[in-house]
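One structure is given below, encoded as structure tokens.
In what follows, every chain begins at residue 1, and chains take the letters A, B, ... in the order their sequences are listed.
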Protein chains: 2
Amino acid sequence: MSTKLLDTNTPIIPLSECRRFITDCLLSVGAPKSNAEALADLLVEADYRGHYSHGMNRVEMYLSEIQNGICKTDAVPEILKESPATAWVDGHSGLGVIVGNFCMDLAIQKAQKVGVGFVVCKGSNHYGIAGKYALQAMEKGLIGLSFTNTSPAVAPTRTRQAALGTNPLSLAAPGLNGDSFCLDMATSAVALGKIEMKKRTNSEIPAQWWDSQTGALHPLGGSEENSSYKGYGLAALVEIFCGILGGGAYGPNIRIMGNFDRLADLGHCFIAIDPTCFAPGFEARLSDLMSSLRNMPSVDKEKPVLVPGDSERLHMEAVDKAGGVRYVEDQMEACRRVAQTLKIKPLTPLKQ
Amino acid sequence: MSTKLLDTNTPIIPLSECRRFITDCLLSVGAPKSNAEALADLLVEADYRGHYSHGMNRVEMYLSEIQNGICKTDAVPEILKESPATAWVDGHSGLGVIVGNFCMDLAIQKAQKVGVGFVVCKGSNHYGIAGKYALQAMEKGLIGLSFTNTSPAVAPTRTRQAALGTNPLSLAAPGLNGDSFCLDMATSAVALGKIEMKKRTNSEIPAQWWDSQTGALHPLGGSEENSSYKGYGLAALVEIFCGILGGGAYGPNIRIMGNFDRLADLGHCFIAIDPTCFAPGFEARLSDLMSSLRNMPSVDKEKPVLVPGDSERLHMEAVDKAGGVRYVEDQMEACRRVAQTLKIKPLTPLKQ
């Protein structure tokens, strides 16, 4: 995460062009137009927010899941069971974003009627950044939460073997005058992308991040002495909300990413909560808490105290100012390759 | 947490006697009998589960809050606002356990009717171990969650000053044949009790645990490099569910423990979820996941891989076998002092 664009010499690409490119990719492998656009919106939002690992970087993975029949771009999610505050949904192996948008819309409707909506699905695929769905509820004035299980990558405390995913969770809530809180975090010590970055720069990987012997990530906390059982417990909490409640794949049974021998059958959980069901003045209190935190004396004057969502906000401002995003050369090359293979118009930078 | 009783030469005290003693303490300061017994049950459950910091250790604190008028032992919680899935409650400065039991009962009733119950209160006091209330829902076959804000003790990432509490969260869920999952964790790197233990034994306190300059705890993660902003974000998530939704005290505005100049006005949040609203077979899947985790190869054969709740289960077995708990001499002395002051029957060990 950065408060400026990626430090690379590649040209600026407008977000609308990123969206056009991803939509074209999806159309060329047979996705219905509205579903192609929904996936483009999701991936572009990730890049816009500075979560580059979850944006354009994922296009090849999504294409290959579609081409290998793991992900059905025209699947329609189905409600299997429903109560006033809950729903259980089958994603029928559709695009994660289609399943996610469907489920969060449902959670929002339920929250608007009975105060809370709690929706769990099975039969889904990668759904991108967890924050996307939490923000969807926030835009309606609600508190939104979103959770997903993922392929095994994290070793529980006391073992070296991966058994749970990085299992992210997100909470977004509205403050005053368009301000907001948006926590979007993996429950592992660090995201896989941070390990890759250290490798790319030949830097030493901190022992608190992973087990260098097996490559499994440590849960948040890093070591048992530093309470990694809490990060492990949180990963399990996310799994209970996703695979265990939803009845899809869970824990060590989830396929390893990039294997096409079976469906992903991922589970997600979406919660919407109407703050007007509780004490009046929610937004004002949240804004007051956020400004208390932001105004605290920081250890390093160059690094102010932030609240969750501030890094993303700063990154979005930088993108707006620059007129688009920058990708590393490796990513630009991947986009050229994809354009050639799929015979679509290449990703075209802003005219300088 | 330990799989055996405390390593001390003090005598065994049966749990029933701990309960009798705490009830007598509360009755002598004017608490109604049922409220005295509810607090005794809460504190004895903490000791039984091995969370000694939250059991008998807290009796003097509770007594002094009652004697100083901060905590009203006869207060009756009141529902201020209600929807099918939610309730907002005023604890009227009652005992945390009375407010907590009331709110979780309400959440359970709502979950049984509409699938989810989400109850938030203000105007409460310390409610003991978060796990107590999550387990209350679990005993009805539901998933239970509980959250509370607490006095400022944790420094957000990038500052040395405390602004948020250790803000614990708990999730309990039923497995097969009486097995269960129970995560009960502070969102700080460690609990304050662990710092006290290191001081008592003159051991060095790990830098990942606290800021030695101000004494503020680090959030889970320990340092920015090790993702302490995630632990900080989780503490803020808990505060959003408690003080910000509930409209009581929040964040840096919460009084420092032991100050009697104003009411605690703590907020808690209680969620109950009916797993039968989702995929059939929840308990079987949870048990299957837990046995996969427990059977993983451990780094140290003496330390098997556990799931959240196993440490407590092992401790409870040790208590049952011994016929009671053991307290450190310091605690025994405190109990003698309390008995003398309040003129009640002293804590009486098991006859050997």
Per-residue contact mode, [X] against chain A (heavy atom under 4.5 angstrom):
{"X": "P219(B)", "result": "neither"}
{"X": "L234(B)", "result": "both"}
{"X": "A111(B)", "result": "neither"}
{"X": "L171(B)", "result": "side chain"}
{"X": "S223(B)", "result": "neither"}
{"X": "L286(B)", "result": "both"}

Side chain / backbone / both / neither for P206(A) at chain B, heavy atoms under 4.5 Å: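 Side chain only.
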Does the [X] side chain pair with the main chain of [Y], one donor and one acceptor, at a distance under 3.5 Å?
{"X": "K230(B)", "Y": "S188(A)", "value": "yes"}
{"X": "R285(A)", "Y": "I244(B)", "value": "yes"}
{"X": "T159(A)", "Y": "P297(B)", "value": "yes"}
{"X": "S227(B)", "Y": "A189(A)", "value": "yes"}

If you tally heavy-atom pairs under 4.5 Å against chain A, which of [options] wins?
{"options": "L169(B), L145(B), I273(B)", "value": "I273(B)"}
{"options": "A186(B), G248(B), G231(B), G246(B)", "value": "A186(B)"}
{"options": "L245(B), V120(B), L80(B), V89(B)", "value": "L245(B)"}
{"options": "P280(B), G247(B), G251(B)", "value": "G247(B)"}

- request: To the nearest 0.5 angstrom, please state how far the CD1 atom of I240(B) sits from the CD1 atom of I143(A).
  value: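 Spacing of CD1 (I240(B)) from CD1 (I143(A)) equals 7.0 Å.
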- request: Hey, could you give me the CZ/CD distance between F181(A) and E239(B), rounded to the nearest 0.5 Å?
  value: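 That separation rounds to 10.5 Å.
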Heavy-atom distance under 4.5 Å between the side chains of [X] and [Y], does that happen here?
{"X": "N253(B)", "Y": "L289(A)", "answer": "no"}
{"X": "T86(A)", "Y": "D274(B)", "answer": "no"}
{"X": "N226(A)", "Y": "L220(B)", "answer": "no"}
{"X": "P156(B)", "Y": "V307(A)", "answer": "no"}
{"X": "T157(B)", "Y": "V305(A)", "answer": "no"}

- request: Examine F118(A) together with F278(B) and report whether their ring centres are nearer than 6.0 Å.
  value: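 Yes, the ring centres sit under 6.0 Å apart.
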message: One pair to check against side chain to side chain contact (heavy atoms under 4.5 Å, CB included): R158(A) and D300(B). What are the steps and the verdict?
response: CA-CA 7 Å; R158(A) 298 185 173 180; D300(B) 172 352; over 6 Å; no
message: If you count every heavy atom of other residues, nucleotides or ligands that lies below 6.0 Å from K81(B) atom NZ, does the total exceed 12?
response: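 Atom NZ in K81(B) is crowded, with more than 12 foreign heavy atoms closer than 6.0 Å.
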Pairs of heavy atoms under 4.5 Å with chain B: top-ranked of K122(A), E225(A), K194(A), R160(A):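 Maximum pair count with chain B is reached by E225(A).
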- prompt: For chain B, which of A284(A), S228(A), G221(A) has the most heavy-atom pairs under 4.5 Å?
  reply: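 It is G221(A).
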Compare every heavy atom of [Y] with every heavy atom of [X], then report the nearest pair and how far apart it is.
{"X": "A85(A)", "Y": "A85(B)", "value": "CB-CB, 4.2 Å"}
{"X": "D288(B)", "Y": "Y250(A)", "value": "OD2-OH, 2.6 Å"}
{"X": "A162(B)", "Y": "M296(A)", "value": "O-CE, 4.2 Å"}
{"X": "W88(A)", "Y": "C277(B)", "value": "CB-O, 3.9 Å"}
{"X": "P252(B)", "Y": "S292(A)", "value": "CG-CB, 4.1 Å"}

